[in-house]
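Working notes for the structure below.
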Amino acid sequence: DGGITQSPKYLFRKEGQNVTLSCEQNLNHDAMYWYRQDPGQGLRLIYYSQIVNDFQKGDIAEGYSVSREKKESFPLTVTSAQKNPTAFYLCASSIVGAGTEAFFGQGTRLTVV
Amino acid sequence: KQEVTQIPAALSVPEGENLVLNCSFTDSAIYNLQWFRQDPGKGLTSLLLIQSSQREQTSGRLNASLDKSSGRSTLYIAASQPGDSATYLCAVKGAGNMLTFGGGTRLMVKP
């Protein structure tokens, strides 16, 4: 089955702790994205990558970091510098190109305890 | 900077009604527009993709239109069913291959 897999589905973080969210895709897409969704709101872009070993900041990158060592994988680390990390995190991928369609994973809900 | 607005924010209708969800965007220089469905606590499912050169796309009971010059898109749902209850999001793709999302319309279809 082709698709995007995010893990874990639920994640709990203590104050001052870094946590990493996994995103893997087997769609052979070059572009991958991380979005944050807060209750009742749309999605905001955290980071994106259009090629291995390269990535760019989105609108709300502060307190987050990413890596893109493999085409299939784009993990997101939520660092202790992110002051309000409780949210729903969504990973997406697409073919690089103007008219291409984006596909999403099932999300990870992160809660600070 | 692109801004996307969806109206209404929430909608409750009886089963069987035809309904229209609205999406507007401020910058008409887009490559495409995508409508998504999101169930509570789940990811996004792509419903329809309209390229900037197209006027509409249809899939089953769903029809999406695009008027790029006026910065508007509508999602028409025919003969609504309780299973259509979800949040519907529109997103436009512009420069840099980025998607900008609206805030969504939360739809409830009552049996």
Side-chain angles (χ1 to χ4, degrees), chain A residues 2-11 21 23 25 27 29-51 54-61 87-111, chain B residues 1-11 21 23-26 29-54 57 59 64 66 68 86-108:
Chain A
I4 302 174
T5 302
Q6 290 187 240
S7 62
K9 188 172 181 180
Y10 300 97
L11 187 57
L21 284 60
C23 178
Q25 54 97 2
L27 299 169
H29 288 169
D30 284 303
M32 296 187 75
Y33 313 82
W34 274 106
Y35 290 89
R36 169 180 171 140
Q37 187 178 35
D38 292 285
Q41 298 188 30
L43 280 65
R44 293 182 290 167
L45 182 65
I46 305 172
Y47 268 98
Y48 64 99
S49 168
Q50 301 200 49
I51 194 168
D54 188 47
F55 47 83
Q56 286 78 42
K57 294 181 179 180
D59 297 324
I60 55 165
F88 191 51
Y89 291 86
L90 287 154
C91 178
S93 72
S94 72
I95 297 170
V96 173
T100 59
E101 187 175 8
F103 296 89
F104 281 77
Q106 287 301 300
T108 293
R109 183 164 302 280
L110 173 63
T111 304
Chain B
K1 182 182 174 184
Q2 178 76 268
E3 292 183 5
V4 181
T5 303
Q6 291 187 246
I7 295 173
L11 183 62
L21 308 182
C23 173
S24 62
F25 46 95
T26 55
I30 65 169
Y31 296 132
N32 63 37
L33 183 145
Q34 208 166 343
W35 281 94
F36 294 90
R37 169 183 172 138
Q38 185 177 31
D39 293 292
K42 304 291 186 182
L44 275 61
T45 299
S46 181
L47 297 174
L48 289 164
L49 172 71
I50 311 177
Q51 301 296 347
S52 61
S53 59
Q54 297 175 321
Q57 282 285 344
S59 176
L66 174 64
K68 200 174 81 162
T87 296
Y88 292 81
L89 293 154
C90 73
V92 296
K93 178 180 279 191
N97 210 35
M98 295 300 104
L99 281 176
T100 302
F101 282 83
T105 293
R106 192 170 63 255
L107 173 66
M108 173 70 72

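Model, not experiment: these values are computed from the prediction. Chain letters run A, B, ... following the sequence lines, proteins first and then strands; every chain starts at 1.
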Side chain, backbone, both or neither: which part of B/Gln38 has a non-hydrogen atom closer than 4.5 Å to chain A?
-> side chain
Please say whether more than 12 non-hydrogen atoms of neighbouring residues, nucleotides or ligands are located less than 6.0 Å from NZ in B/Lys68.
-> yes
Okay, A/Tyr33 and chain B: the region with an atom under 4.5 Å from a heavy atom over there is side chain
Closest-packed option against chain B by number of heavy-atom pairs under 4.5 Å, given A/Gln37, A/Arg44, A/Gln6, A/Gln56 | A/Gln37
Would you find a donor on one side and an acceptor on the other, under 3.5 Å apart, between the side chain of B/Gln34 and the backbone of A/Ala102?
-> yes
To the nearest 0.5 Å, atom CG of A/Leu45 lies from atom OG1 of B/Thr100 at 8.5 Å
Under a 4.5 Å heavy-atom cut-off, does chain B meet the side chain of A/Ser94, its backbone, both or neither?
-> side chain
Minimum heavy-atom distance B/Leu89-A/Leu43, with the two atoms named = CD1-CD1, 4.1 Å
Where on B/Leu44 is there a heavy atom nearer than 4.5 Å to chain A: the side chain, the backbone, both, or neither?
-> both
Which atom pair, heavy atoms only, marks the closest approach of B/Gly41 to A/Arg109?
-> CA-NH2, 4.2 Å
B/Arg37: salt bridge (charged side-chain N to carboxylate O under 4.0 Å, His left out) partners, not counting sequence neighbours = B/Asp39
Contacting moiety of B/Leu99, where chain A heavy atoms sit under 4.5 Å = both
More than 12 heavy atoms of other groups within 6.0 Å of A/Ile60 CD1 = yes
At their closest point, which heavy atom of A/Glu101 faces which heavy atom of B/Ser46, and how far apart are they?
-> OE2-OG, 2.6 Å
Supply the atom-to-atom distance A/Phe104 CZ to B/Phe36 CZ, rounded to the nearest 0.5 angstrom.
-> 5.0 Å
Tell me, yes or no, whether the heavy-atom count around B/Arg106 atom CZ, taken from other residues, nucleotides or ligands under 6.0 Å, exceeds 12.
-> no
So what's closer than 4.5 Å to chain A heavy atoms on B/Lys93: side chain, backbone, both or neither?
-> side chain
